Amino acid sequence: MTRYVEIDDVRVALAEPVELPTDPFVGRADELRMCRVAWGISGDGTSLVDGNVLPLNFRLEGPPGLGKNEIVYEIARRLDMPLYIVQGHEELTPEDLALLLTPDPEAMYGEVPPLTLRASPLATALYEGGLCFFDEINRVPDRALSPLASVLDVRRYVYSAMTGINVRPRDDEAKKRFRFCCALNPSLSNAGHVLPEYIEQRTLPVIEINHPPFEDVHEIVRTSLKPSPEFLAAFTDWYHQQERQDISVRQAVALMNYAMNYEQHVGGQKTNVFDHVAQFIVGRRS
Ligand SMILES: Nc1ncnc2c1ncn2[C@@H]1O[C@H](COP(=O)(O)OP(=O)(O)OP(=O)(O)O)[C@@H](O)[C@H]1O
Ligand SMILES: [Mg+2]
């Protein structure tokens, strides 16, 4: 059910928080600690510490598939707070971060659909005091990021140019709870997609997400796909023999998934199966 609220006497539909995956989270103790310190979260990760200073808007940086989203999901799960995600892309506009006018999906067939104002995930998180994660923020054109400036400092509002409304936290409690973080893949930045300086300075500290140790990759593959011990052993052998420390966690999970299906449908020795299917998942070593 869509939730509607009144903002400056205007009816606005709120965005929905994401449904957090329930797969077990593995490792990343240091990274989690750094994020929690930035956000003012208790050591056990379950509550926000009531401080007088503004929390920091940390920025996760790292190559694809290493677990940036998973870290944010884990923080939200432990806090038991709603998480709203803005997915960055090249066509994003400033209004996508504030309020959007959309046709009402419940309009009757044939009638001119009434229009509904919809709050973005960012505006919704800000209004109700939730967590906001801006993913792939460096893919977004500079001008679309401009509404963020006032969100990320003491002003704490997002301006909707289309309606002239400033969306603010609905009360002091919401203002205290609101948290923002973002993620980017630095290889895009190397290709010239850099963040504007004023966003760069408002999204600190930078927390680098690198390859986790093999034991963690092993544990993630084990808990997410529950392969047999023989399959896990064959995966471990393949990983060490081929020296594939370059593969991401996502690729490791996909590799095991495909290898298990391949054996079931086509058959073959487990060791050979990895050698065979790896070329379709992670390519040959460059
Ligand atoms: N710490 C972890 N615990 C459990 N699973 C993990 C963990 N890290 C990564 N994974 C697994 O790896 C997959 C990829 O992780 P995630 O989507 O968080 O990566 P990402 O860094 O956000 O990638 P991209 O840059 O492509 O968005 C997840 O779907 C999950 O299966
Ligand atoms: Mg991601």
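Just so you know, ligand 1 is whichever comes first in the structure, and atom 1 is the first atom listed for that ligand. Bear in mind the structure is a predicted one, so any value in this text is a computation, not a measurement.
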Could you name the option among Glu70, Arg250, Glu136 that has the heavy atom nearest to atom 29 (O) of ligand 1?
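Heavy atom nearest to atom 29 (O) of ligand 1 belongs to Glu70.
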Would the number of heavy atoms belonging to other residues, nucleotides or ligands and lying under 6.0 Å from CG of Asp172 be above 12?
no
Can a salt bridge be assigned to the pair [X] and [Y] using a cut-off of 4.0 Å between side-chain N and carboxylate O?
{"X": "Arg177", "Y": "Glu128", "value": "no"}
{"X": "Arg33", "Y": "Asp30", "value": "yes"}
{"X": "Lys68", "Y": "Glu61", "value": "no"}

Does any N or O atom in [X] lie less than 3.5 angstrom from one in ligand 1, N or O only?
{"X": "Asp135", "value": "no"}
{"X": "Val26", "value": "yes"}
{"X": "Gly62", "value": "no"}
{"X": "Gly67", "value": "yes"}

Check for me whether Asn185 has a heavy atom closer than 4.0 Å to any atom of ligand 1.
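The answer is no: ligand 1 sits nowhere under 4.0 Å from a heavy atom of Asn185.
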Please confirm whether Pro24 approaches ligand 1 to less than 4.0 Å, judged on its heavy atoms.
yes
Residue and atom name of the nearest protein heavy atom (relative to [atom]), distance in Å to one decimal:
{"atom": "atom 22 (O) of ligand 1", "result": "Asn69 OD1, 2.8 Å"}
{"atom": "atom 25 (O) of ligand 1", "result": "Lys68 NZ, 2.8 Å"}
{"atom": "atom 23 (O) of ligand 1", "result": "Gly65 N, 2.7 Å"}
{"atom": "atom 31 (O) of ligand 1", "result": "Val253 CG2, 4.3 Å"}
{"atom": "atom 12 (O) of ligand 1", "result": "Val249 CG1, 3.4 Å"}

Mind checking whether [X] and [Y] have side chains closer than 4.5 Å, heavy atoms only?
{"X": "Leu54", "Y": "Arg156", "result": "yes"}
{"X": "Cys132", "Y": "Leu126", "result": "no"}
{"X": "Pro169", "Y": "Lys176", "result": "no"}

Does Ile220 approach ligand 1 within less than 4.0 angstrom via side chain, backbone, both or neither, non-hydrogen atoms only?
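Near ligand 1, Ile220 shows its side chain, while the N, CA, C and O stay back.
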Arg155 and Ser150: side-chain donor and acceptor closer than 3.5 Å?
no
Any idea how Trp39 and Phe58 line up, ring-wise: parallel (<30°), tilted (30 to 60°), or perpendicular (>60°)?
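Tilted.
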By number and element, which atoms of ligand 1 are closer than 4.0 Å to a non-hydrogen atom of Phe25?
1 (N), 2 (C), 3 (N)
